[in-house]
K.L.:
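Take a look at this one; I'll ask things after.
The structure presented is a predicted model; accordingly, all values stated were derived computationally and were not measured. Start at 1 and go down the list; that is how both ligands and their atoms are numbered.
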Amino acid sequence: MFHIKTYNQIAEDGLRRFKPNEYAVNDAEQADAWVIRSHDVHQADIPPYLLAIARAGAGVNNIPLDRLARQGVVVFHTPGANANAVKELVLASMLLSVRPILEGANWVNNHTFADQTSLEEAMEQQKRRFVGSELRGKRVGIVGLGAIGASLANDLLHLGIDVIGYDPHLSVDGAWNISQQVKRAKQLSELLADVDILTIHMPLTDDTRHMIDATWFKQMKPGATVLNFARGELVNDADLLEALDDNVATYITDFPKQVLLGHPQVVAFPHLGASTHESEVNCAIQAVDTLKLYLETGSIRNSANFPNTELPYVGKRRLAVLHLNVPNMVGQIASRLAENGINIDNMVNRSRNDVAYTLIDIDNHKHETLSVNALYDIEGVMRVREF
Ligand SMILES: NC(=O)c1ccc[n+]([C@@H]2O[C@H](COP(=O)([O-])OP(=O)(O)OC[C@H]3O[C@@H](n4cnc5c(N)ncnc54)[C@H](O)[C@@H]3O)[C@@H](O)[C@H]2O)c1
Ligand SMILES: O=C(O)[C@H](O)COP(=O)(O)O
């Protein structure tokens with residue numbers, strides 16, 4: 001029986017995939033794994049028995065990935081599972097940025113009128129205040145062409161928008177998802193100087209924190225809009241406030257900051273990007289499925305801190321070893337097994353940055369002689385599991 005603890009609102013459709021005879025959800029403090037959304041793991045105590053954390057969502061900046069990797073805790077996330085929800089909110093925000101839709105709705109809802117005739121007269125008189133423009137023909141710059149950015153780029157083309165993208169780390173597979181009509185900026189400056197709307201879809205990391213600052217804003221056209229549905233900490237708020245007094249007309253974000261609240265040129269949503277039923281279900285299902293795969297077979301899919309490592313589970317005795325990515329680990333593991341008279345039937349080893357993972361299927365009938373302690377004795381081994 002595995003024990004699972006959840007943080008935040010995780011869709012029932014996902015949690016139902018934990019079969020009650022094999023998993024207990026939120027019934028014990030000592031959980032083998034957590035399923036979370038934006039829960040801040042940086043501040044959490046990580047118990048030694050915790051095997052994995054599954055983030056039902058894309059961004060993993062709320063999780064100390066490297067520290068957990070060195071503690072042998074595998075972190076999973078759900079790439080792409082909420083991309084459509086975010087894209088649709090970004091599209092809505094782009095429409096809000098060119099037409100004073102909210103202002104018009106607020107005006108009509110916040111007034112009282114003597115009768116229908118006076119309502120209609122007031123409307124006809126006032127509607128000139130709410131004239132906007134159209135998205136068609138505008139130029140949009142997208143920074144980060146991953147799951148959200150790529151899908152957005154393709155849809156914007158269908159709306160008659162000129163799209164230019166920038167992503168220095170774009171994978172070949174990622175590039176295949178993007179229409180050839182999306183222009184590619186080789187330098188960020190090519191994009192910034194030229195767009196009416198800039199939208200940010202890159203992750204928050206130590207390299208990108210506060211990256212969007214005066215050097216970006218100063219290159220932008222007067223009257224430009226900036227959309228940030230990625231993370232608040234990507235932006236230097238002081239520089240943004242100066243830019244709003246200068247050339248940037250509007251900032252629309254999913255990540256409200258105290259210093260920006262109430263600013264007449266800022267529209268902020270309470271982190272609603274992934275908050276659709278469809279996206280919450282997608283994320284929960286993907287998170288639970290990858291977590292179950294790991295807990296039940298040792299295979300790692302969609303991890304954010306360990307290499308993806310899959311070995312079809314054929315019911316043989318299996319060892320799963322999380323270890324540092326240093327020379328001769330596989331050799332030492334194989335020697336220890338040989339010393340115990342154990343024959344390796346199948347094996348896979350993958351590395352990612354400082355850590356690595358080795359999955360070994362061994363001959364069933366020899367298993368009595370095995371002691372995982374023999375593997376823990378190897379320096380650099382973080383965790384050994386047996387199946
Ligand atoms: N508002 C929300 O509710 C919500 C929902 C999902 C994701 N997000 C945020 O959006 C981010 C992107 O999500 P995604 O699903 O598209 O992730 P993704 O991993 O599919 O795409 C991120 C892209 O950013 C690119 N990138 C990395 N560093 C870059 C840089 N310095 N300049 C330009 N591009 C860079 C990567 O190469 C990648 O293609 C997430 O990391 C998360 O922070 C927010
Ligand atoms: O990175 C993400 O997936 C989003 O920010 C969604 O966060 P949430 O799951 O807390 O809504």
Side-chain angles (χ1 to χ4, degrees), residues 6-11 14 35-41 53-63 65 75-93 141-155 164-178 182 184-192 198-213 215-216 227-235 252-256 268-287 302-304:
T6 66
Y7 292 88
N8 314 118
Q9 201 61 42
I10 309 296
V35 183
I36 68 167
R37 284 175 63 174
S38 289
H39 178 67
D40 185 0
V41 184
I53 297 177
R55 197 282 193 233
V60 283
N61 56 292
N62 54 324
I63 307 171
L65 298 177
V75 176
F76 299 93
H77 67 144
T78 63
N82 57 21
N84 192 65
V86 181
K87 176 193 71 181
E88 290 188 8
L89 192 59
V90 172
L91 286 170
S93 302
I142 304 178
V143 176
L145 292 165
I148 300 168
S151 172
L152 180 66
N154 294 338
D155 282 9
I164 176 161
Y166 174 76
D167 189 332
H169 311 293
L170 189 61
S171 65
V172 174
D173 280 350
W176 277 105
N177 291 329
I178 302 170
V182 173
R184 181 176 162 204
K186 293 213 174 65
Q187 305 290 331
L188 189 59
S189 52
E190 275 175 52
L191 177 150
L192 292 176
L198 171 70
T199 185
I200 311 298
H201 299 289
M202 63 188 173
L204 175 65
T205 63
D206 288 344
D207 291 337
T208 60
R209 192 178 307 276
H210 298 149
M211 189 178 178
I212 305 166
D213 62 8
T215 58
W216 286 46
L227 305 188
N228 176 9
F229 285 76
R231 285 293 181 264
E233 291 75 15
L234 290 166
V235 175
I252 306 185
T253 185
D254 211 13
F255 300 93
F269 301 114
H271 196 182
L272 292 181
S275 297
T276 64
H277 297 301
E278 296 88 337
S279 144
E280 290 187 348
V281 168
N282 279 346
C283 289
I285 287 178
Q286 212 185 98
N302 290 335
S303 175

K.L.:
Any idea how His271 and Phe255 line up, ring-wise: parallel (<30°), tilted (30 to 60°), or perpendicular (>60°)?
P.N.:
tilted
K.L.:
Any non-hydrogen side-chain atom of Ile178 less than 4.5 Å from a side-chain atom of Arg184?
P.N.:
no
K.L.:
Please examine the side chains of Leu204 and Arg209, heavy atoms only from C-beta on, and report whether any two atoms are closer than 4.5 Å.
P.N.:
yes
K.L.:
Stepwise, does the side-chain contact (heavy atoms from CB on, under 4.5 Å) test hold for Glu88 with Thr276?
P.N.:
CA-CA 10 Å; Glu88 290 188 8; Thr276 64; 5.8 Å; no
K.L.:
So do the side chains of Leu188 and Trp216 get within less than 4.5 Å of each other, counting heavy atoms only?
P.N.:
yes
K.L.:
If you count only heavy atoms, which residues are under 4.0 Å from ligand 2?
P.N.:
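Close residues (ligand 2, cut-off 4.0 Å): Arg37, Ser38, Arg55, Ala56, Gly57, Ala58, Gly59, Asn82, Arg231, His271, Ala274.
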K.L.:
So, do Ile63 and Ile36 sit near enough that their side-chain heavy atoms are less than 4.5 Å apart?
P.N.:
yes
K.L.:
As a test of reading the model: which N/O atoms of the protein lie under 3.5 Å from N/O atoms of ligand 1, and at what distance?
P.N.:
{"from": "ligand 1", "atom 1": "1 (N)", "to": "Phe229", "atom 2": "O", "distance (Å)": "3.1"}
{"from": "ligand 1", "atom 1": "1 (N)", "to": "Asp254", "atom 2": "OD2", "distance (Å)": "2.8"}
{"from": "ligand 1", "atom 1": "3 (O)", "to": "His271", "atom 2": "NE2", "distance (Å)": "3.3"}
{"from": "ligand 1", "atom 1": "3 (O)", "to": "Ala274", "atom 2": "N", "distance (Å)": "3.2"}
{"from": "ligand 1", "atom 1": "16 (O)", "to": "Ala147", "atom 2": "N", "distance (Å)": "3.3"}
{"from": "ligand 1", "atom 1": "16 (O)", "to": "Ile148", "atom 2": "N", "distance (Å)": "3.0"}
{"from": "ligand 1", "atom 1": "20 (O)", "to": "Ala147", "atom 2": "N", "distance (Å)": "2.8"}
{"from": "ligand 1", "atom 1": "37 (O)", "to": "Asp167", "atom 2": "OD1", "distance (Å)": "2.8"}
{"from": "ligand 1", "atom 1": "37 (O)", "to": "Asp167", "atom 2": "OD2", "distance (Å)": "3.2"}
{"from": "ligand 1", "atom 1": "39 (O)", "to": "Gly146", "atom 2": "N", "distance (Å)": "3.3"}
{"from": "ligand 1", "atom 1": "39 (O)", "to": "Asp167", "atom 2": "OD2", "distance (Å)": "2.6"}
{"from": "ligand 1", "atom 1": "43 (O)", "to": "Ala230", "atom 2": "O", "distance (Å)": "3.3"}
{"from": "ligand 1", "atom 1": "43 (O)", "to": "Arg231", "atom 2": "NH1", "distance (Å)": "3.4"}

K.L.:
If the condition is side chain to side chain contact (heavy atoms under 4.5 Å, CB included), which residues does Asn302 pass it with, not counting sequence neighbours?
P.N.:
Pro79, Gln286, Thr290
K.L.:
Please tell me whether His201 and Phe229 form a close aromatic pair, meaning their ring centres lie under 6.0 Å apart.
P.N.:
no
K.L.:
What residues, two or more places apart in sequence or in another chain, satisfy side chain to side chain contact (heavy atoms under 4.5 Å, CB included) together with Asp167?
P.N.:
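By the side chain to side chain contact (heavy atoms under 4.5 Å, CB included) rule, Asp167 matches Leu145, His169, Leu170.
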